[in-house]
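We count residues from 1, following the sequence as given.
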Amino acid sequence: EKHIWTDPIKVMINPIVVSEPTVAGTYTYNGNEQTVNLSGFESYMTIQSGNKATNVGSYEVVITLDDNHVWEDGSDGKVAWNIEKATYDMSGVNFSDLEVTYDGNEHILEIVGQLPEGVSVSYTTNKLINVGTIEVVASFTGNSNYHTIPNKTASLTVKQAQAVIDVDENDIEVVYGDNLVIPVASTNFGEVVIEKVDMTNTGEYTITYKVEETSNYKGDIIVVKVIVKPLAVSEPTVAGTYTYNGNEQTINLSGFESYM
């Protein structure tokens, strides 16, 4: 033979340059373990760690390649992904203004409805007995995997109650000289003050019943009219008989009274 190989020929086969996978979709806390979905993940790739998580946070999937592939420049086979905070459903929780009438009892303003599981509530001062208004703030505490729940604010108002006077009689008529009995009055609150005038003579008078206003009660006033009618009397009669005797005579009247 006229020719022979002097040295072996070396052939270099370079690995294929590939891109890192990317995260497909978004992930929000749901209480369960979630597995990240990777777009562009191929059979020559192997996940080493970091592709599963439950709680809110930032995670990193570590991916390795077989010997026939390498990452493109700037890639290291680590893909970041996140689980975002969830939002509590507070649609079934109401916190509204409350207005009541004073009754001497303690009134409390609280939320109405069912709190989501794991959520608790606390209040600024939310109790009131006497008349007035307070602003109440409801604060909610939940799991760190959820967004903070905004406070809710409402007002608690206790209004004045109405004092009510009850009198046994309405207008009264009596005859002059009769014994006048002042009607008895009662009230649901406080003391009834009676204001009356001298009713010695015939005429029309008034008796005023009054309960003064306080911080918790509106006052009340009732006026009763009293009519003192004249006493009906008989005319006097002539006592005896009278015969002319030349002198001035004075008639004697039977039944003549001092008011005549």
Quiz item: Donor-acceptor pair, Thr187 side chain versus Val164 backbone, under 3.5 Å?
Solution: yes
Quiz item: Is atom CD of Glu117 surrounded by more than 12 heavy atoms (other residues, nucleotides or ligands) closer than 6.0 Å?
Solution: no
Self-check item: Within-4.5 Å side-chain heavy-atom neighbours: Asn130 and Ser215
Solution: no
Quiz prompt | All salt bridge (charged side-chain N to carboxylate O under 4.0 Å, His left out) counterparts of Lys229, not counting sequence neighbours | solution = Glu173
Quiz item: With sequence neighbours left out, what residues match Glu204 under salt bridge (charged side-chain N to carboxylate O under 4.0 Å, His left out)?
Solution: none
Practice problem: Not counting sequence neighbours, which residues clear side chain to side chain donor-acceptor pair (under 3.5 Å) with Glu42? List them please. | Solution: none
Self-check item: Residue pair Phe95 / Ala154: nearest heavy atoms and the distance that separates them
Solution: CE2-N, 3.6 Å
Quiz item: Can you list every pair that meets ring-ring contact (aromatic ring centres under 6.0 Å, His included) and has a residue in residues 189-210, with sequence neighbours left out?
Solution: Phe189-Tyr217
Quiz item: Quick check: does any side chain N or O of Asn188 sit under 3.5 Å from a backbone N or O of Gln162, one acting as donor and the other as acceptor?
Solution: yes
Side-chain donor/acceptor pairs under 3.5 Å, residues 49-62, sequence neighbours excluded:
unit_1, atom_1, unit_2, atom_2, d
Lys52, NZ, Thr35, OG1, 2.9
Asn55, OD1, Asn145, ND2, 3.2
Ser58, OG, Asn82, OD1, 2.7
Tyr59, OH, Asn55, O, 2.7

Quiz item: How would you list, by chain and number, every residue that makes a side chain to side chain contact (heavy atoms under 4.5 Å, CB included) with Thr22, sequence neighbours excluded?
Solution: Ser39
Quiz item: With a 4.5 Å heavy-atom cut-off, do Phe140 and Leu115 have their side chains touching?
Solution: yes
Practice problem: Under the side chain to side chain contact (heavy atoms under 4.5 Å, CB included) rule, collect the residues that match up with Asp76, sequence neighbours excluded. | Solution: Glu20, Lys78
Self-check item: Donor-acceptor contact present, side-chain Asn126 to main-chain Val136, <3.5 Å
Solution: no
Quiz item: Considering residues at least two apart in sequence or located in another chain, which fulfil the side chain to side chain donor-acceptor pair (under 3.5 Å) criterion with Gln160?
Solution: Glu213
Practice problem: Determine yes or no for a side-chain-to-main-chain donor-acceptor pair under 3.5 angstrom, with Tyr146 supplying the side chain and Tyr29 the backbone. | Solution: no
Quiz item: Between Ile194 and Ile207, is a side chain to side chain contact (heavy atoms under 4.5 Å, CB included) present by the stated rule, with each step listed?
Solution: CA-CA 7 Å; Ile194 301 175; Ile207 302 174; 3.6 Å; yes
Quiz item: What residues, two or more places apart in sequence or in another chain, satisfy salt bridge (charged side-chain N to carboxylate O under 4.0 Å, His left out) together with Glu135?
Solution: none
Quiz item: Among all residues two or more places apart in sequence or in another chain, which pass the side chain to side chain donor-acceptor pair (under 3.5 Å) test with Ser186?
Solution: none
Quiz prompt | Residues that Lys152 engages under salt bridge (charged side-chain N to carboxylate O under 4.0 Å, His left out), provided they are two or more places apart | solution = none
Practice problem: Quick one: list whatever passes side chain to side chain donor-acceptor pair (under 3.5 Å) with Asp97, sequence neighbours left out. | Solution: Ser155
Quiz item: Does Glu195 reach the main-chain N or O of Thr206 with its side chain, forming a donor-acceptor pair under 3.5 Å?
Solution: no
